[in-house]
2 protein chains.
Amino acid sequence: MIIRKPYLLFLGDIKESAYAKTAFGVRDWTPEDCIAQWSIEGTAVDLGLDVMSPDVAQQAGARSLLIGVAPVGGAIPKSWVPYLEQALRAGLDIVSGMHSRLAEIPGLTELAEAHGCMLHDVRHNDSKFPIGTGRKRTGKRLLTVGTDCALGKKYAALAITRALQDQGIAADFRATGQTGIMIAGSGVAVDAVISDFLCGAVETLSPDNDPDHWDVIEGQGSLFHPAYAGVTVGLLHGSQPDAMILCHDPSRRHIAGYPDFPIHDLREAIAAYSLLAKLTNPKAEFIAVAVNSSSYTEAEAATLMINIATYVGLPCFDPMRSDLSPVVNAVRAMG
Amino acid sequence: MIIRKPYLLFLGDIKESAYAKTAFGVRDWTPEDCIAQWSIEGTAVDLGLDVMSPDVAQQAGARSLLIGVAPVGGAIPKSWVPYLEQALRAGLDIVSGMHSRLAEIPGLTELAEAHGCMLHDVRHNDSKFPIGTGRKRTGKRLLTVGTDCALGKKYAALAITRALQDQGIAADFRATGQTGIMIAGSGVAVDAVISDFLCGAVETLSPDNDPDHWDVIEGQGSLFHPAYAGVTVGLLHGSQPDAMILCHDPSRRHIAGYPDFPIHDLREAIAAYSLLAKLTNPKAEFIAVAVNSSSYTEAEAATLMINIATYVGLPCFDPMRSDLSPVVNAVRAMG
């Protein structure tokens with residue numbers, strides 16, 4: 001899936017920031033791709049960008065309207081449809097991460113075709129992928145894995161990619177989820193792939209590359225999640241990571257939404273991921289632990305990271321707070 | 001997916017038994033569901049059943065035409081289409097395990113509707129499944145797992161189901177692959193499910209049951225398969241097995257089709273499966289090893305099974321050759 005940038009970010013009539021995580025994520029990680037914001041008059045959250053209509057945004061360079069909010073239920077409200085139509089008439093593609101497909105909105109496909117525009121349903125995947133081969137690919141790969149879902153695997157991968165690039169190391173962020181794809185402009189929503197082809201899809205996402213090039217692959221799910229561990233394993237095997245980073249939120253006591261499933265001990269988590277990763281890359285190793293310390297003060301976070309680093313014997317950092325040079329150095333040491 | 005039985009087995013114009021594995025499997029495991037065979041005149045393999053046309057078979061009680069052969073490439077040849085149409089006109093549903101869908105054959109959907117018949121593409125899955133819950137379900141479950149694909153997990157599950165039933169233990173075979181579904185008449189082709197819903201699909205397949213009832217669930221793939229381990233893990237977690245049986249072919253040196261991936265040591269395999277299984281059932285345990293000894297003499301197989309049993313400390317049997325009472329006793333001992 002390849003998306004045309006830059007974006008006009010559409011916020012609908014969503015008032016709570018919690019439902020606009022996609023818009024904030026795209027704004028924070030690729031500000032250069034965000035031309036402006038647009039919403040249903042005077043009702044939505046504010047990203048602090050210029051406000052533009054689709055016509056004006058298109059003239060300013062925008063190529064896609066990105067739906068940056070997720071209403072409860074994941075369906076596109078009927079009241080939004082005239083706004084989507086207005087975007088198509090202005091020549092913008094539409095990018096959506098909703099459960100319901102844009103193509104299910106009556107007339108939208110036809111209108112898109114009439115204006116030479118594309119409809120991108122990032123949460124769905126109609127591509128055909130090959131079966132995984134297990135063949136070792138050239139180039140280096142780093143995968144973020146987690147003790148749970150939704151605790152910072154994407155942000156860790158993005159921050160590491162940026163830190164590597166800043167230090168002159170060739171690196172690409174490889175997106176495996178909807179917000180990641182919107183940020184990167186391409187990728188594969190792996191949880192939307194048919195199980196048989198999951199590993200092959202990941203192999204396709206991260207092809208052969210230069211020997212010293214790093215793909216930094218966004219992790220999904222968790223090996224300890226009762227619903228999603230299969231996705232995590234397929235992604236792990238297809239990624240063939242040389243380096244892994246364990247992402248962890250120390251404030252979380254159980255898998256989010258699954259109170260009967262406690263968060264695993266960090267050493268056990270590292271051992272279990274390592275055991276499975278070695279199937280497709282016998283040299284796979286952990287190089288750091290990334291914590292999401294957003295619910296702690298700076299001082300608390302510092303103590304916590306020292307304790308974790310001592311316990312697991314690896315550098316520990318918060319990708320949103322820490323100096324990332326220990327991670328960059330660990331990557332550099334791997335050649 | 002629920003299929004109407006009994007079957008008229010269609011053999012097309014396939015001459016090699018190797019391409020008729022589905023037909024032989026269905027004939028061997030549910031002979032009571034096989035009314036007759038039918039093929040393109042005088043050209044196909046012989047199952048040893050009566051030969052009937054769709055009209056005659058329908059009058060004899062048949063409810064579905066089952067395509068029991070797989071031509072190279074997995075597509076339905078054009079020359080077969082008139083035969084499929086003849087079956088629909090006789091009032092038979094059609095059951096196919098091909099990669100190409102029956103509905104892609106021009107006019108076939110309309111003809112099926114006109115005759116009140118269903119088209120079942122067992123390899124595909126258009127059902128909506130929930131996300132896995134990890135909630136512990138009532139009743140007991142046994143899952144067959146393997147050191148590789150295609151070495152006897154389905155046959156082991158079928159043989160164990162039959163042995164349990166013969167000893168008066170309430171048991172159902174739960175099919176997770178296309179041939180298994182054709183034999184059982186229902187099931188979920190798990191490798192055709194979208195990754196996000198894999199675990200939830202398996203939970204749906206094996207719902208709450210009586211405390212002393214056993215679901216014997218057909219395994220898929222292998223934890224050591226570079227392309228399919230994700231499917232295996234989702235199936236493992238959704239199954240919540242109380243008992244596991246490791247299926248193994250001692251003559252195999254590497255994963256079939258993947259010469260760079262050696263077969264894992266049996267103790268290591270048991271340890272790795274156990275580690276993952278305990279996430280959704282902390283009491284999950286192995287009760288036996290099932291070998292596919294078809295490439296060995298009776299004497300060789302007997303020695304081999306003694307050696308394996310000694311090495312892993314569990315009963316070892318060949319589901320197609322051995323007395324299954326050690327397995328039945330192990331199941332009975334679990335309550």
Side-chain angles (χ1 to χ4, degrees), chain A residues 99 123-125 129-136 176-177 188-203 220-238 240 254-255 257-262 264 268 271-272 275-282, chain B residues 99 123-125 128-136 176-177 188-203 220-238 240 254-255 257-262 264 268 271-272 275-276 278-282:
Chain A
H99 279 291
R123 195 185 281 268
H124 298 276
N125 205 314
F129 293 106
I131 298 288
T133 66
R135 183 183 66 79
K136 181 78 183 124
T176 61
V188 176
V190 292
D191 60 7
V193 174
I194 288 176
S195 301
D196 228 5
F197 305 102
L198 171 56
C199 193
V202 179
E203 292 182 356
Q220 291 294 334
S222 168
L223 188 52
F224 311 107
H225 194 290
Y228 301 132
V231 177
T232 305
V233 170
L235 175 53
L236 179 63
H237 285 163
Q240 306 180 347
H254 60 76
I255 299 289
Y258 294 76
D260 295 338
F261 290 83
H264 272 56
E268 285 178 22
L275 178 73
L276 293 184
K278 287 181 192 305
L279 179 72
T280 57
N281 188 348
Chain B
H99 279 289
R123 195 185 282 267
H124 298 275
N125 205 314
K128 295 255 181 198
F129 293 105
I131 297 289
T133 66
R135 183 183 66 78
K136 180 79 184 125
T176 61
V188 176
V190 292
D191 60 7
V193 174
I194 288 176
S195 300
D196 227 5
F197 306 103
L198 171 57
C199 193
V202 178
E203 293 183 355
Q220 290 294 335
S222 168
L223 187 52
F224 311 107
H225 194 290
Y228 301 132
V231 176
T232 305
V233 170
L235 175 54
L236 179 64
H237 285 163
Q240 305 179 347
H254 59 75
I255 299 290
Y258 293 76
D260 294 339
F261 290 83
H264 271 57
E268 284 177 23
L275 178 74
L276 293 185
K278 287 180 192 307
L279 180 73
T280 58
N281 188 347

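Quick note on labels: first sequence line is chain A, next is B, and so on, each numbered from 1.
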At a heavy-atom separation under 4.5 Å, does B:Phe197 approach chain A through its side chain, its backbone, both, or neither?
-> neither
How long is the gap from OH on A:Tyr228 to CD1 on B:Ile131, to the nearest 0.5 Å?
-> 3.5 Å
Tell me, for B:Leu279 versus chain A, whether the close heavy atoms (under 4.5 Å) come from the side chain, the backbone, both or neither.
-> both
Can you tell which part of A:Val190 gets under 4.5 Å to a heavy atom of chain B, answering side chain, backbone, both or neither?
-> backbone
Give, as side chain, backbone, both or neither, the part of B:Leu223 having an atom under 4.5 angstrom from any heavy atom of chain A.
-> both
Flag the one option from A:Val193, A:Leu236, A:Asp260 with the top tally of heavy-atom pairs under 4.5 Å to chain B.
-> A:Val193
Applying a strict 4.5 Å limit to non-hydrogen atoms, the region of B:His225 in contact with chain A is backbone
About how many Å separate CG of B:Leu198 and CG of A:Asp196, when rounded to the nearest 0.5 Å?
-> 10.5 Å
Closest approach of A:Ile194 and B:Asp191, non-hydrogen atoms and distance?
-> CG2-O, 3.2 Å
How close do A:Pro226 and B:Gly134 get, heavy atom to heavy atom, and via which atoms?
-> CB-CA, 3.9 Å
Rounding to 0.5 Å, atoms NE2 (A:His237) and CZ (B:Phe224) come to a distance of 9.0 Å
Taking every non-hydrogen atom, the tightest pair across A:Thr133 and B:Phe261 = O-CE1, 4.5 Å
Taking every heavy atom of A:Gly132 against every heavy atom of B:Ala227, the minimum-distance pair comes out as O-CB, 3.5 Å
